[in-house]
Amino acid sequence: MCGVVGYIGNKEAAPILIDGLQRLEYRGYDSAGIAVSCGGKVVFGKEVGRLANLERELEKNPIAGTRGIGHTRWATHGAPSQVNSHPHLSSDGAIAVVHNGIIENYAELRDELTGQGHKFLSETDTEVVPHLIEQALKDGAASSAEALRSALSRLRGAYALGVLFRDDPDTVYCARLGSPLIIGLGENENFIASDVPAIINRISEVIYLNDGEMAALRADGVEVSTIDGRIVTPEVKKIEFKAEDAEHAGFETFMLKEIHEQPRILRALLAKHVMADGTLELGTGLSPDYFRKLNRIMIVSCGTAYHAGMYGKLLLENLTGIAVETDLASEFRYRDPKIDPGTLIIPVSQSGETADTLASIRMAKSWGCKIFAICNVEGSSVVRESDATFFTNCGPEIGVASTKAYTAQQMAFALLALYIASVRGDLTPEKLKEYLKALREVPDAVHYVIQKKAEIQLIGEKHHDGPSSLYLGRRYNYPTALEGALKNKEISYQHAEGYAAGEMKHGPIALINESLPVICICTKTADEVYEKMLSNVKEVEARSGRIIAVVSEGDTELAKLTDDVIIVPAVRDEFSPMVNVAALQLLAYYAARARGTDIDKPRNLAKSVTVE
Ligand code: F6R
């Protein structure tokens, strides 16, 4: 969703805001703007389209000043247009606001404010905020902070706000409810941002603002308070990753870089959680006894993280004997799922800010359930609202299409399932050893697949041109088929469907003809579904489908059916999805490249979906 930045210090604000917005552009990229305050005026610039358009405009018409706010937009209310772009201003131009989130009661506030003589220029929900603040000042609020508080008390919905007052020259304000916002602490300068990567090159300490808090930033200090005026002593945290983690590092895109990071991330997770004596440590605070008594798990997540949850369900129910369900968070929150307080809820989220996942957590908490998150972002809302977290430790994922977060989530589930199975006695120490040995082969196998990218590129280029493609897999690799199809849709804009191969005969077989690429995930070691999958591939062949097969080394059977074979190392079936998906990520990547799309910032998408 949208990205917010702010700066106050002794340097020129505009270049710092633009740099922050460049690093946040993955959150939204249909328009951008900044406002800077100087010499008794708030001066702003905003442009439709990519940030580069705003940069060009600012080169022609520079904006000077040492405090300001900036925004990159993913449109919710009102089309991407200059007038709908942030910052939005009060009628007198003295207050500028940038916002991520949705003000749900904006229509009624707008009517009220219009009645009081305020004129609105945009179709956005955000524009009510500067007008509400302006009205509070007219109504006698004693200070900017008090006027902001009064405005915030009227808002329903979600917000991360940056606010600049012309007449309060030494301060930048911010506030948070339900949308992420951090404060970066520098030397005689301070920052606000939607997330750490936006300002990672400038600071090493942050305050994660809590919901219902606001802050006044000066160059030499930060004061945090609750919206109702109670001063808070914030916790200052050291940032765990380095500025280079949020750079391209010589790769043509962030997505390609992040695909390449996977073996290292998987190795690091193994090293962190598998002890020298071969036992597993989750380090989450949930006791082995808790897992021994557990009899139901519910996994909730969205998109790619949902596919990781589907994989987790298969592993957990297979290894532990616990009943496991999985649901899309956007559906779960409107179901009546009959969950008892003894059920463990596992939300899975890269960003930790996905609105539907958060709503599901809150709902499950109200039923008395424990929440054990799998999440990548420290300090995120999911982490803060959960009882315990397994961190996927991927570093910032900047490519909008998720890759490294997915395989790390899969590894998290593998380690979690093995841990629970071993503490419950579902796995003997010998069996655990065997599984861990197999799991340790995964990072190298993923590395091997990535090394074959030139071969995968040729296949991607050969099949990129059709209108559609079908991805088939079974059992552990059914989620892989869904994820492969999702990657393809997201970045190449080619329609793609993932299907459980056994379901093909129940409908999608009607699609198969000589022009439909059918990507068949058909790896094997001892999996009982291999033979079944092979029959499904033959059914595709019999109808002249263009088969692209992902097969295990040494499998000669499938090579007879197609020239387009991606050979991957044979790993234990349970863990093969981590290896196979790397091939599908690359396949989607090179198809998208051949189609000339903007891979890191696909159209209409936003990295972190903070609205429902
Ligand atoms: C797809 C993708 C999305 C996210 C989904 C959940 O490539 O990135 O489908 O997986 O929006 O996001 P998180 O994991 O941040 O909750």
Side-chain angles (χ1 to χ4, degrees), residues 1 3 26-28 74 100 178-180 194-195 197 253-256 258-259 262 299-312 326-333 345-361 371 373-386 389-410 412-413 471 479-480 482-493 496 498 581-582 584-589 592 597-612:
M1 298 287 120
Y26 69 92
R27 294 179 70 91
W74 186 86
N100 171 30
S179 297
S194 293
D195 65 22
T253 59
F254 278 111
M255 182 171 173
L256 194 59
E258 288 159 7
I259 290 172
Q262 294 177 112
I299 305 170
V300 282
S301 41
C302 303
T304 287
Y306 173 66
H307 299 152
M310 288 176 73
Y311 169 68
T326 181
D327 203 356
L328 295 162
S330 54
E331 289 297 316
F332 180 74
R333 62 184 293 192
I345 307 293
I346 306 187
V348 188
S349 179
Q350 187 285 125
S351 63
E353 301 296 347
T354 301
D356 287 318
T357 308
L358 276 166
S360 303
I361 293 176
I371 316 288
I374 295 179
C375 190
N376 193 37
V377 179
E378 212 195 314
S380 63
S381 305
V382 164
V383 172
R384 283 191 286 173
E385 298 198 23
S386 298
T389 302
F390 184 111
F391 282 103
T392 43
N393 294 133
C394 297
E397 190 179 64
I398 312 272
V400 165
S402 185
T403 52
K404 63 178 180 174
Y406 180 63
T407 41
Q409 287 159 356
Q410 290 178 306
F413 273 117
Y471 287 68
T480 315
L482 298 182
E483 178 59 12
L486 179 64
K487 287 295 87 100
N488 194 23
K489 289 187 256 230
E490 281 182 295
I491 61 170
S492 78
Y493 313 151
V581 81
L584 301 189
Q585 292 165 347
L586 287 163
L587 194 63
Y589 184 87
T597 61
D598 186 344
I599 291 178
D600 277 341
K601 298 187 194 94
R603 72 179 175 214
N604 303 336
L605 288 176
K607 183 71 184 160
S608 158
V609 184
T610 53
V611 294
E612 211 184 313

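Both counts, for ligands and for their atoms, begin at 1 and track the order of listing. In what follows, every heavy atom counts, from backbone to side chain, and hydrogens, waters and symmetry copies are set aside.
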Subject >> Beyond-backbone contact of Tyr471 with Leu482, side-chain heavy atoms, under 4.5 angstrom >> reply: no
Original post:
Is the closest basic N to carboxylate O distance between Asp598 and Arg603 below 4.0 Å?
Top reply: no
Original post:
With a 4.0 Å heavy-atom cut-off (strictly under), which part of Glu490 contacts ligand 1: side chain, backbone, both or neither?
Top reply: side chain
Original post:
Short N/O distance, under 3.5 Å, between Ser351 and ligand 1?
Top reply: yes
Original post:
Quick one: does Val400 get a heavy atom under 4.0 Å from ligand 1?
Top reply: yes
Original post:
Are any of the heavy atoms in Lys487 under 4.0 Å away from ligand 1?
Top reply: yes
Original post:
Does a donor on one side chain and an acceptor on the other come within less than 3.5 Å for Ser194 and Asn100?
Top reply: no
Subject >> Numbered atoms and elements of ligand 1 in range of Ala305, under 4.0 angstrom, heavy atoms >> reply: 10 (O), 14 (O)
Original post:
Does a donor on one side chain sit under 3.5 Å from an acceptor on the other, for Lys404 and Thr392?
Top reply: no
Subject >> Nearest non-hydrogen protein atom, atom 6 (C) of ligand 1 >> reply: Cys302 O, 3.3 Å
**OP:** Check the side chains of Gln585 and Gln262 for a donor-acceptor pair under 3.5 angstrom, ignoring hydrogens and angles.
**Re:** yes
**OP:** Look at atom 3 (C) of ligand 1 and say which protein heavy atom is nearest, naming residue and atom and giving the distance to 0.1 Å.
**Re:** Thr304 N, 4.0 Å
Subject >> Nearest non-hydrogen protein atom, atom 14 (O) of ligand 1 >> reply: Gln350 N, 2.6 Å
Original post:
Of the protein's non-hydrogen atoms, which lies at the shortest distance from atom 11 (O) of ligand 1, and what is that distance?
Top reply: Val609 CG2, 4.0 Å
**OP:** Measure from the side-chain N and O atoms of Ser301 to the backbone N and O of Ser349, and report whether any donor-acceptor pair falls under 3.5 Å.
**Re:** no
**OP:** Verify the distance criterion only: is there a donor paired with an acceptor across the side chains of Thr253 and Tyr589 at less than 3.5 Å?
**Re:** yes
Original post:
Under 4.0 Å from any heavy atom of Ser349, which atoms of ligand 1 are there?
Top reply: 13 (P), 14 (O), 15 (O), 16 (O)
**OP:** Begin from the C-alpha positions of Val383 and Phe391 and carry the test side-chain contact (heavy atoms from CB on, under 4.5 Å) through to its verdict.
**Re:** CA-CA 9 Å; Val383 172; Phe391 282 103; 3.7 Å; yes
Original post:
In the protein, what heavy atom is nearest to atom 12 (O) of ligand 1, and what distance, to one decimal place, separates them?
Top reply: Thr354 OG1, 3.4 Å
Subject >> Ligand-residue contact atoms, ligand 1 with Ala401, heavy atoms, under 4.0 Å >> reply: 7 (O)
